[in-house]
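Remember, it's a predicted structure, so these values are computed and weren't measured experimentally.
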Amino acid sequence: QVQLEESGGGLVQAGGSLRLSCAASGRTLSNYTMGWFRPAPGKEREFVAAISWSGRRIYYTDSVKGRFTISRDNAKNTVYLQMNTLKPEDTAVYYCAADYYGSDWFNPNKYDYWGQGTQVTVSS
């Protein structure tokens, strides 16, 4: 079992920045693809970003490219989502998820473990 805990959410003005963290316990994250998701109209969980277990492959949804950066520190068993130039439409609960050696990056149903989420609110 992998337990995931997100932190770093909060209230920020448009144009501001936040860094989300996803800390894991129970198992090392070095064998897991990690993703960040958020709810969207008509979707329970919308793909935001993912990083492979090796860190060599990274993907973003188009709406966050150039603004968000996903990274991982396997020594700290933690994954990060740096969010810059935030927009009101980024307001959501952000969830991190883990998929054992996963390669189906964009599909939330393929991820095995989920955190409880952290709220991000961007005011205009």
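- Under the 4.5 Å side-chain heavy-atom criterion for ILVMFWY residues, a single connected hydrophobic cluster contains both Val2 and Met34.
- Criterion: ILVMFWY side-chain heavy atoms under 4.5 Å apart, direct or through other members. Under it, Leu29 and Leu81 are part of a common hydrophobic cluster.
- Residues Pro88 and Val122 have side chains in contact (heavy-atom distance under 4.5 Å, counting atoms from C-beta outward).
- If you take CZ on Phe37 and OH on Tyr94, they are separated by 13.0 Å, rounding to the nearest 0.5 Å.
- Phe47 and Phe68 fall into different hydrophobic clusters, where Ile, Leu, Val, Met, Phe, Trp and Tyr are joined by side-chain heavy atoms under 4.5 Å apart, directly or via other members.
- For Thr69, there are no side chain to side chain donor-acceptor pair (under 3.5 Å) partners, not counting sequence neighbours.
- Between the Ser30 side chain and the Thr28 main chain, no donor and acceptor come within less than 3.5 Å of each other.
- For the pair Val79 and Trp36, the minimum side-chain heavy-atom distance is below 4.5 Å.
- Contact between Asn84 and Ser17 at its shortest, heavy atoms only, is OD1-OG, 2.9 Å.
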Pairs of donor and acceptor atoms involving the side chains of residues 106-117, under 3.5 Å and at least two apart or interchain, shall be tabulated with distances.
unit_1	atom_1	unit_2	atom_2	d
Asn107	OD1	Asn109	N	2.9
Tyr111	OH	Trp105	O	2.7
Asp112	OD2	Tyr100	N	3.3

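- No path of Ile, Leu, Val, Met, Phe, Trp and Tyr side chains, each step under 4.5 Å between heavy atoms, connects Tyr59 with Val64, placing them in separate hydrophobic clusters.
- Placement of Leu4 and Trp53 within a single hydrophobic cluster is found when ILVMFWY residues are connected by side-chain heavy-atom separations under 4.5 Å, directly or transitively.
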Please determine whether side chain to side chain contact (heavy atoms under 4.5 Å, CB included) holds for the pair Asn77 and Arg27, giving the CA-CA distance in whole Å, both sets of side-chain angles, and the decisive distance to 0.1 Å. CA-CA 9 Å; Asn77 234 23; Arg27 291 183 181 175; over 6 Å; no
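- In this structure, CD on Gln119 lies 9.5 Å from CG on Leu11, to the nearest 0.5 angstrom.
- We find the OG-CD distance between Ser63 and Glu89 to be 8.5 Å, quoted to the nearest 0.5 Å.
- Gln13 is not listed as a side-chain neighbour of Leu86, based on a closest heavy-atom distance of 4.5 Å or more.
- The shortest distance between side-chain heavy atoms of Asp90 and Arg38 falls below 4.5 Å.
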Would you please test Thr118 and Ser7 for side chain to side chain contact (heavy atoms under 4.5 Å, CB included) and show each step? CA-CA 6 Å; Thr118 184; Ser7 61; 5.6 Å; no
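- Side-chain contact between Glu6 and Leu20 is absent, with no heavy atoms from C-beta onward closer than 4.5 Å.
- Contact detail for Pro39 and Ala92: the closest heavy-atom pair is CD-CB, 4.2 Å.
- Atom CD1 of Ile70 and atom CD of Gln82 lie 12.5 Å apart (nearest 0.5 Å).
- Of all the heavy atoms in Thr78 and Ser21, the pair that sits closest is CG2-CB, 4.2 Å.
- Within 6.0 Å of atom CD in Glu46, more than 12 heavy atoms from other residues, nucleotides or ligands are found, so the atom counts as buried in its surroundings.
- With hydrogens and angles disregarded, no donor-acceptor distance shorter than 3.5 Å links the side chain of Tyr60 to the backbone of Gly66.
- With sequence neighbours excluded, the residues that form a side chain to side chain donor-acceptor pair (under 3.5 Å) with Ser54 are Ser52.
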